[in-house]
Engineer: 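Pasting in a structure now, in structure tokens, and then I'll have a few things to ask.
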Amino acid sequence: MATPDRSSPSPRNNFATSDHLRHLDSMAALPSGAGNISHLNAVILGEALASEEHDLVFPSADFSRQAHVSSPEKYLEMYRRSIEDPAGFWSDIAAEFYWKEKWGKQVYSENLDVRKGSIKIEWFKGGTTNICYNALDRNIEAGNGGKVALYWEGNELGQDGSLSYSELLEKVCQLANYLKYIGVRKGDAIVIYLPMLMELPIAMLACARIGAVHSVVFAGFSAESLAQRIVDCKPKAVVTCNAVRRGSKVINLKDIVDAALVESAKNGVSVDVCLTYENQSAMNRETTKWQEGRDIWWQDAVPKHPTSCAVEWVDAEDPLFLLYTSGSTGKPKGVLHTTGGYMIYTATTFKYAFDFKPSDIYWCTADCGWITGHSYVTYGPLLNGASVVVFEGAPNYPDPGRCWDIVDKYKVTIFYTAPTLYVTRYSRKSLRVLGSVGEPINPSAWRWFFNVVGDSRCPISDTWWQTETGGFMITPLPGGWPQKPGSATFPFFGVQPVIVDEKGTEIEGECSGYLCVKSSWPGAFRTLYGDQERYETTYFKPFPGYYFSGDGCSRDNDGYHWLTGRVDDVINVSGHRIGTAEVESALVSHHQCAEAAVVGVEHEVKGQGIYAFVTLVEGVPYSEELRKSLVLSVRNQIGAFAAPDKIHWAPGLPKTRSGKIMRRILRKIASRQLDELGDTSTLADPSVVDQLIALSDC
């Protein structure tokens, strides 16, 4: 069996036997009292509602019997091997996929310790493969060419379509051939700015087929944000559509792209081709602004190309995609994922975390502009041969029951979404497994999701992961063990989460601290595009020897993990990570705003909301019009999803004598936790706090 290279420094080589399996000790006997638990604090799927008194929700015997991981013992066996023999564990899984050339003896090589040199993570290097081939051709060759790959549901009722695996491959090949025709080669970047049309996963797969690097930008970002990303990755082409209808509103995407291309040209990056899909349900081509020579209609150019396209075989460590995520400094970070490890990790996490079976109909409501849409709309599901629902519209249009309409229409069995508060006249009987997008949800939202949406029948995959991790890191495995409402439970195979104190010392047993990961996993990102120094400084310097997640975490006495939120200045709104610095700079760009500080607050629907403290230019009065104008400034510069939920007028901000804003105090004021303000004596002007409290409801 292949063994990893031991030449690179690695925490794997020197851990004590008990360290990496610490959570297994508590789990071996199941949670406290689980073997003989009274019905007052336990629920079995399908038998009762989960209430505040219920600590544990057990899978039913029927569900467990058919699950991929059917018991804690099965999990323990697999997890133990994934940690003690990662090379063998992941090699066996990787062997189920197609490789043009197998990797060598060195399955992985890693250094996560900045004190020992540059950070390096490599998996399956030397092996050549192609993720598009594995997602499409491999499934067709297995006899599933006629199986539906994508069900598309449009914004308007009655607008729908579908593509089988064979039909999807033909569409992908036509676009891949067009990209080659305009000169796109292996390693070239392509920016994709599309709504949730089938053309979005088609474009991603077409890039992957020819070895191009896609950078999908969420089609809610402003022209300025899009231009930033274009300037950073210098694409050969931009792929977009003329417009999209979101609910009752038409958004002119082509105008946004045009403005972004003007802006990027001013910064020295010009793009020769803007491939534009005519989305007739939103706008016809006659009313679309056009630049001859640069702009090309998708429908005129792409269908002329052949429906077969040779595969570009790439090294496992060749780049697959760039995805920009918010950073606390204001400049987005280009997270770079490579091909082989990401392919294996997303496919495996999808299979086990959702207990996927070939008969399942799967729907994830996330947009492909975010990592969830990459890993769990496009790649993870298709690598498993799933039938995937893609929804263009808004969940509350034309009425708040649209999601459940779609669940019933397609008989969705696995539903991965951000829990929202609307379930009315729909049956939802097809549902088998629920997943929660974004941060782990709070216990009361978990219970609502479980009791109301899933009729107390469906286990919930309430997962913790990040853009940077590529796939789920801490997650329940349905059928494997009892769940605790609000807990992400236990680590996925190959993942070694540790909780450290401020000095970087690992804390044992029941504790709270900073969540880090010891040793690499196949889905880990490899660098920040063009900025290895920022990659190392942000993620590996805070606690040398570990990947630092930026999140806080508690572990209870049963070994269950509870995420406590960001410890840096990034807010997670409905699964969208937004840097506070980006929102602050958008506010301060308003001519009447002198200073701004932004914090995240708990929001019952979005997870976190954006709460902005704003100091106006001297002499400018507070007004509702100005409040709206400030929100509009953020919408225009970043996008509607980043618009502040609350503008709190601030005569001044609480600062230390060195000028540092005390966000801890702002968070307490925003959350109305006024009895927890703590010591304010270190502030340059403690009276500011009383002024802010007085203006709370203005």
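Residue numbers run from 1 in the order of the sequence given.
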Engineer: How far apart are the closest heavy atoms of V614 and C593, and which atoms are they?
Structural biologist: CG1-SG, 3.8 Å
Engineer: Is the ring pair W465/F472 parallel, tilted or perpendicular, if the boundaries are 30 and 60 degrees?
Structural biologist: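 Rings of W465 and F472: perpendicular, as their planes differ by over 60°.
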Engineer: Determine whether the side chains of S215 and Y529 contain a donor N or O and an acceptor N or O closer than 3.5 Å.
Structural biologist: no
Engineer: Side chains of M473 and V517, heavy atoms from C-beta outward: is any pair under 4.5 Å?
Structural biologist: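 Result yes, sub-4.5 Å side-chain heavy-atom pair found.
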Engineer: Which heavy atom in A670 sits nearest to a heavy atom in V599, and how many Å separate them?
Structural biologist: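 Result for this residue pair: CB-CG2, 4.0 Å.
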Engineer: Considering residues, nucleotides and ligands other than E533, do more than 12 of their heavy atoms fall under 6.0 Å from its CD?
Structural biologist: no
Engineer: Are E584 and R663 close enough for a salt bridge, meaning some N to O gap below 4.0 Å?
Structural biologist: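 Answer for the salt bridge query: yes.
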Engineer: Going by atom types alone, do Q496 and Y547 pair a side-chain donor with an acceptor below 3.5 Å?
Structural biologist: no
Engineer: Got a donor-acceptor contact below 3.5 angstrom from the N572 side chain to the G607 backbone?
Structural biologist: no
Engineer: Flag the pair C233 / Y324 as yes when at least one side-chain heavy-atom distance between them is below 4.5 Å, and no otherwise.
Structural biologist: yes
Engineer: Find the distance between CG (D558) and OG1 (T489) and round it off to the nearest 0.5 Å.
Structural biologist: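 So the CG of D558 and the OG1 of T489 are separated by 12.0 Å.
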Engineer: Have a look at W464 and tell me which of T475, T469, D551 forms a side-chain hydrogen bond (donor to acceptor under 3.5 Å, both in side chains) with it.
Structural biologist: D551
Engineer: Would you mind listing every salt bridge (Lys or Arg N to Asp or Glu O under 4.0 Å) that reaches into residues 631-642, with sequence neighbours excluded?
Structural biologist: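 Those involving residues 631-642 do not exist here.
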Engineer: Short question: side chain of E676, backbone of K668 - any donor-acceptor pair under 3.5 Å?
Structural biologist: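 Such a contact is absent between E676 side chain and K668 backbone.
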Engineer: Checking the side chain of R555 only, and the main-chain atoms of S512 only, is there a donor and an acceptor separated by less than 3.5 Å?
Structural biologist: no
Engineer: Are the charged groups of K606 and D645 less than 4.0 angstrom apart, N to O?
Structural biologist: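 Looking at K606 and D645, the cut-off is met.
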Engineer: In Å and rounded to the nearest 0.5 Å, what is the CG to SG distance from L515 to C553?
Structural biologist: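 Going from CG on L515 over to SG on C553, the span is 5.0 Å.
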Engineer: Which heavy atom of G609 sits nearest to which heavy atom of H603, and what is that distance?
Structural biologist: N-CB, 3.6 Å
Engineer: Taking all heavy atoms of H337 and all of E468, pick out the closest pair and write down the distance.
Structural biologist: CE1-O, 3.5 Å
Engineer: Output yes when a side-chain donor or acceptor of T346 lies under 3.5 Å from a complementary backbone atom of G471, and no otherwise.
Structural biologist: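 No, because the side chain of T346 does not come within donor-acceptor range (under 3.5 Å) of the backbone of G471.
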Engineer: Does the side-chain contact (heavy atoms from CB on, under 4.5 Å) test come out yes or no for D501 and Y514, once each step is laid out?
Structural biologist: CA-CA 6 Å; D501 62 18; Y514 299 96; 5.9 Å; no
Engineer: At what distance, to the nearest 0.5 angstrom, does CD1 of I499 lie from SG of C516?
Structural biologist: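 Output value for this atom pair is 9.5 Å.
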Engineer: Could you state the interatomic distance from CE (M662) to CG (L653), rounded to the nearest 0.5 Å?
Structural biologist: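 One gets 12.5 Å once the value is rounded to the nearest 0.5 Å.
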Engineer: Kindly say whether A524 contributes a backbone atom to a donor-acceptor pair with the side chain of R526 at under 3.5 angstrom?
Structural biologist: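 Here the side-chain-to-backbone pair exists.
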Engineer: Any side-chain heavy atom of V216 within less than 4.5 Å of one from F321?
Structural biologist: no
Engineer: Give a yes or no on whether a salt bridge exists between R115 and D113, defined as a side-chain N under 4.0 angstrom from a carboxylate O.
Structural biologist: yes
Engineer: If you define the side chain from C-beta out and look only at heavy atoms, does anything of W649 sit under 4.5 Å from F613?
Structural biologist: no
Engineer: What distance do D462 atom CG and I474 atom CD1 have between them, rounded to the nearest 0.5 Å?
Structural biologist: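 With rounding to 0.5 Å, CG (D462) is 11.0 Å from CD1 (I474).
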Engineer: Does the side chain of Q637 pick up a donor-acceptor pair with the side chain of S222 at under 3.5 Å?
Structural biologist: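 On atom types as modelled, these side chains do not qualify, holding no pair under 3.5 Å.
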Engineer: If you take all heavy atoms of A488 and L563, which pair is closest and at what distance?
Structural biologist: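 Closest pair (atom of A488, atom of L563, distance): CB-CD2, 4.2 Å.
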Engineer: Do Q532 and I119 make a side-chain contact, defined as non-hydrogen atoms from C-beta onward lying under 4.5 Å apart?
Structural biologist: yes
Engineer: Validate the cation-pi geometry between K484 and Y560: distance from NZ or CZ to the six-membered ring centre under 6.0 Å, angle to the ring axis within 45°.
Structural biologist: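 Yes, K484 and Y560 form such a contact.
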Engineer: Has the side chain of S461 got a donor or acceptor atom that lies under 3.5 Å from a matching backbone atom of A353?
Structural biologist: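 Here the side-chain-to-backbone pair exists.
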Engineer: What heavy-atom pair brings G220 and R246 nearest, and what distance separates the two atoms?
Structural biologist: N-NH2, 4.4 Å
Engineer: For side-chain contact (heavy atoms from CB on, under 4.5 Å), just list the numbers for R667 and V601, CA-CA rounded to whole Å, side-chain angles, deciding distance to a tenth of an Å, and then say yes or no.
Structural biologist: CA-CA 7 Å; R667 286 190 192 98; V601 290; over 6 Å; no
Engineer: Any chance NZ of K249 has more than 12 other-residue heavy atoms, nucleotides or ligands included, within less than 6.0 Å?
Structural biologist: no
Engineer: Parallel, tilted or perpendicular, judged at 30° and 60°: which one describes the rings of F490 and W481?
Structural biologist: perpendicular
Engineer: Does any part of the side chain of I371, heavy atoms only, come nearer than 4.5 Å to the side chain of F525, both counted from C-beta?
Structural biologist: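 The answer is no; the side chains never approach within 4.5 Å.
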Engineer: Less than 4.5 Å apart, side chain to side chain, heavy atoms only: is that true for V335 and T527?
Structural biologist: no
Engineer: Can a salt bridge be assigned to the pair E624 and R627 using a cut-off of 4.0 Å between side-chain N and carboxylate O?
Structural biologist: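 Yes, E624 and R627 are salt-bridged.
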Engineer: Are S487 and H561 linked by a side-chain donor-acceptor pair shorter than 3.5 Å?
Structural biologist: no
Engineer: Would you confirm whether N451, through its side chain, and R447, through its main-chain N or O, come within 3.5 Å as a donor-acceptor pair?
Structural biologist: yes
Engineer: At what distance, to the nearest 0.5 angstrom, does CZ of F543 lie from CZ of F548?
Structural biologist: 5.0 Å
Engineer: Are any of the side-chain heavy atoms of F492 and W521 separated by less than 4.5 Å?
Structural biologist: no
Engineer: If only atom types and distance count, is the side chain of Q608 paired as donor or acceptor with the main-chain N or O of I571 below 3.5 Å?
Structural biologist: no
Engineer: Report the C-alpha separation of L226 and V257 in whole Å, then their side-chain angles, then the decisive distance to 0.1 Å, and conclude whether the side-chain contact (heavy atoms from CB on, under 4.5 Å) test is met.
Structural biologist: CA-CA 8 Å; L226 177 58; V257 172; 3.9 Å; yes
Engineer: Can you sort out the partners of Y193 under ring pair (Phe, Tyr, Trp, His ring centres under 6.0 Å), two or more places apart, ordered by chain and number?
Structural biologist: none
Engineer: State plainly whether the residues K655 and E595 are in salt-bridge range, i.e. N to O under 4.0 Å.
Structural biologist: yes
Engineer: Decide whether S118 and E536 meet the rule of one side-chain donor and one side-chain acceptor closer than 3.5 Å.
Structural biologist: yes
Engineer: Using only atom types and a distance under 3.5 Å, with no angle test, would you say the side chain of D531 pairs donor to acceptor with the backbone of K333?
Structural biologist: no
Engineer: Pair L616, L626 - check side-chain contact (heavy atoms from CB on, under 4.5 Å), show working.
Structural biologist: CA-CA 10 Å; L616 299 177; L626 180 52; 3.5 Å; yes
Engineer: Taking E625's backbone N and O only, do any of them form a donor-acceptor pair with S629's side chain (distance below 3.5 Å, no angle check)?
Structural biologist: no
Engineer: Check the orientation of F218 and W370. Use parallel for under 30°, tilted for 30 to 60°, and perpendicular for over 60°.
Structural biologist: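 Tilted: the ring planes of F218 and W370 meet at 30° to 60°.
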